[in-house]
Amino acid sequence: MATLLDSHTVTDSEARFPAQDPVNISRRGVLLGTAGAASGALVIGFGLPVGTARAQAAAPAPIPVRVPAFLEIRPDNTVRFLSPFMEGGQGVFTAMAQIVGEELDMDPARFVVEAAPAGKVFQVMDGGMRITGGSMSVRLTYETMRRLGASARMMLLEAAAHRLGVAAAELTTEPGRVLHAGSGRSLAYGELAGGALDLAVPDPAIVKLKDPATFRWIGKPVARLDMHDKATGKAIYAIDCKVDGMLHAAVQHAPRLGLTVASIANEAEVAAMRGVHSVHRIGGAVAVVAERWWHAKRAAEALRVEWQDPGKDTDVRYMPADFSTEAFAERLANEKGPGQDAEISGDAAKALSGAATVVEATYRSQYVHHAQLEPPSALASFNPDGSLELWMPNQAPEMFQAEVAKFAGLAPEQVKIHSPLLGGFFGRHFLYPGGNPYPQAIQLAKAVGRPVKLIWSREEEFLRDPLRPMAVVRFRGGLDDKGRPVALEAVSVTEGPTEGIANKRSAELDDTALEGITKKAYAIPDKRIAQLFVKNPTTLAYWRSVGNSMNDFFYECFLDEMADKGGQDPYELRLALLEGNVRLTNLLHAVAELSGGWKRGPFTAADGSRRARGIAMASPFGTEAAAIAEVSIVKGQVMVHDVWEAIDPGSIVNPAIVEAQVNSAVTLGLSQVLLEETVYENGMPAARNYDLYPILPPDRMARVHVKIVESGAKMGGIGEPPLPAVPPAVANAVSALTGRRVRSMPLSRHSFDAA
């Protein structure tokens, strides 16, 4: 039994199928279409080696073809590629085309790339996983995608050999064509697709990959495939999707988490408003369905709802009416207990007791919103056979398919997930209890018997956006008689995003709570890293670079604090603590050289302003990063003039995309450290739109200088790694300039004077 809309209790059979015959909908061309192949096209599957998401283990040997993805070579000599990964501005569609096209010998510009539908065949990561996140897409499937292209090329060569009556060994390729030098004949790939259709996919063991020295496209700044459609307004996002017979919906959420509808004072009047189809109760919200979204929005806002608190035995997150972020931060700072060990090296307690100097400090981070450009939406449509189709932004189609099936009472194969372009990532489009609109869209489509597109207004998004956790970290550092760190203890008082999403504390620690404090490369012999768990009343989520986004701020700032206490230059101290680590030493030298040579300051710039520089490092998602920031103080607030960042992802596919992602990550890192903060008062967020939730304006954006270092190490991520070093580099620069140690974000909470 399941209770759905309007207090109507439905039977299991009713929950499985729509209440009335739905409208048969058409698809709007390819953008809303299925993943079928054109007639006569070459469609192949490819074997997938199992990668490791966070561990940098060696890639296993190729496996036989049994997990297919689809590559379609069309008669017009274009290529349609179904990407296992979502495009949300990070450039993965272009990178995939470069990798596959390189081995296929086809110009990536000839590719049309679309997100693959949900299905086990597209779960190409370790353990049958498929997510677009953790900066994993390219690095964990690089060799597999190369083998895909190489296998397709071998099949085309074999088909051409049959057509031309020659041995395949006599043939070569140039972009998009098979050549027979002996006779001067050639065939376009599109001409061969039909003949190659029935050929067996080569054994992965015999597929040979190109020598990287001969690469045409990998490692080159290939133009983004999605830019033209985005620039001309042709790109289709979930918020743009339409189907025949569709209605629109808007919601008014309960002002605090956990509240439910007691009554609606003016339901009849709202139901009679212009364009309104119907009014509904959906758990902790009320909804209006209408012919136009604006009518639905105005009507939903007009509803006068009396909300009631949940019962004492509720298992949902509940936001108390007296909750405030200031009070919660104080609680975290004063929470007692040693915490649960996450990383131990040597005997930190003994080393601290014997240290010449002990440095103690408490650092704090803030809640932050995702604040992505595209508001959440979902379009739900039941088909006559009882199956369900959903168009919605997501980063994990199979996860959503499984959850939707359970929610709707359907088998997974009865649920089809369409994944349009994402209007921003930032970790927003995962499965978050109460943070996704798709359950509401499904309920409304079932209730009205027609397709329903639900869009959360910006105000509703700010009310229900799950947040990056808040944390307070208590540090103790021990210095020897020369001022060098010999011991470190860090206890983070927080709830990690993974355990927050699960709404429970598991037996094992949540790695995402502490990443950026744990596994640091600095040679501090005795250390203890721990977490003291405190549950949040807010819902929690992943945020760009996840735990590293706040934890590297804590660690790298405290490292500077220890350097100051010990009379050490922070740049030279890092070099000393990384002695013998060639990769990170080279990276530090690279960022210093990029900035024109390390100089901390304070110093007087050419314009007469007093400035200083700060430095920080981070090692997220298999990539190493180092940043230097130069700041001044203008009317009591921090102005960041330049950020120099050196990034070593091991090897790269597209330097232009890497540089764009560094610029993007620096922007978000600056926005976080300077301005962004989610504030709650009386159980309510103070900001419901961008007017009260400031993000970095153009006139406060720094100049960004990027150095890509290809060390040859195992390929790391790109989208998230450039962010975590930026906030501590800025904060360390501010501390150098003002002589005042900064221990919390955002810096807008403070007023500064230059030293």
Side-chain angles (χ1 to χ4, degrees), residues 1-23 239 243 245-308 310 316 375-382 388-392 403-404 407-410 433-457 459-461 463-464:
M1 301 289 287
T3 302
L4 295 179
L5 296 118
D6 300 325
S7 303
H8 169 59
T9 301
V10 299
T11 65
D12 290 339
S13 61
E14 286 177 317
R16 232 178 131 73
F17 299 101
Q20 23 179 313
D21 291 335
V23 176
I239 201 170
V243 295
M246 183 181 77
L247 291 169
H248 296 261
V251 298
Q252 179 193 148
H253 287 105
R256 292 184 286 113
L257 280 171
L259 303 185
T260 57
V261 179
S263 63
I264 302 175
N266 61 338
E267 183 171 357
E269 294 93 323
V270 170
M273 289 176 65
R274 179 185 176 189
V276 170
H277 177 280
S278 49
V279 178
H280 306 267
R281 296 165 173 81
I282 44 176
V286 290
V288 173
V289 176
E291 294 293 337
R292 300 286 184 271
W293 184 76
W294 186 251
H295 292 154
K297 177 182 184 293
R298 293 291 299 273
E301 291 172 344
L303 288 168
R304 297 199 301 273
V305 185
E306 181 181 346
W307 304 96
Q308 60 188 1
V316 301
S377 66
L379 167 54
S381 177
F382 286 96
L388 172 63
E389 294 193 60
L390 280 162
W391 290 262
M392 60 182 176
E403 288 300 313
V404 167
F407 180 81
L410 300 171
N436 298 110
Y438 75 85
Q440 298 171 343
I442 292 170
Q443 293 178 62
L444 294 171
K446 179 178 173 58
V448 302
R450 289 170 62 181
V452 170
K453 180 166 74 174
L454 169 65
I455 301 173
W456 285 1
S457 68
E459 290 75 15
E460 297 304 315
E461 159 66 351
L463 189 60
R464 282 296 177 267

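The shown structure was predicted, so the numbers you read here are calculated from the model rather than taken from an experiment. Below, each value reflects all heavy atoms present in this structure, side chains not excepted, and no hydrogens, waters or symmetry copies.
Closest of all the heavy-atom pairs between Lys453 and Ile239 is NZ-O, 2.8 Å. Between Glu461 and Pro376, the shortest heavy-atom contact is OE1-CG, 3.1 Å. Contact detail for Ala302 and Met273: the closest heavy-atom pair is CB-SD, 4.2 Å. Here the closest heavy-atom approach between residue Ser381 and residue Trp391 is recorded as CB-CZ3, 4.2 Å. Contact record, Gly284 with Arg464: O-NH2, 4.2 Å, taken as the closest heavy-atom pair. Residues Pro451 and Leu379 share a closest heavy-atom pair of CB-CD1, 4.4 Å.
A distance of 5.5 Å separates CG in Leu247 from NE2 in His277, rounded to the nearest 0.5 Å. Residue Asn436 holds its CG atom at 10.0 Å from CD of Glu403, rounded to the nearest 0.5 Å. In this structure, Gln252 CD and Ser457 OG are separated by 10.0 Å, a value rounded to the nearest 0.5 Å. Separating the CD1 atom in Ile282 from the CD atom in Gln443 is a distance of 6.0 Å, to the nearest 0.5 Å. Put simply, CD1 on Ile264 and NE2 on His280 are 10.5 Å apart, with the number rounded to the nearest 0.5 Å.
Using a 4.5 Å heavy-atom threshold, the side chains of Leu463 and Glu460 count as touching. Residues Trp307 and Thr260 are not in side-chain contact: their nearest non-hydrogen atoms beyond the backbone lie 4.5 Å or more apart. Side-chain contact check for Leu390 versus Ile442: some heavy-atom pair is nearer than 4.5 Å. Considering only heavy atoms from C-beta on, Asn266 comes within 4.5 Å of Leu303 through its side chain.
The side-chain hydrogen bond (donor to acceptor under 3.5 Å, both in side chains) check on Glu301 picks up Lys297, with sequence neighbours excluded. Every residue was checked against the side chain to side chain contact (heavy atoms under 4.5 Å, CB included) condition with Ala268, not counting sequence neighbours, and none meets it.
Checked by atom type and distance alone, the side chain of Arg304 never pairs as donor or acceptor with a backbone atom of Ala265 at under 3.5 Å.
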Distance-only check: which donor-acceptor pairs under 3.5 Å involve side-chain atoms of residues 285-295, not counting sequence neighbours?
residue : atom : partner : partner atom : Å
Trp293  : NE1  : Ala249  : O            : 3.3
Trp293  : NE1  : Ile455  : O            : 3.2

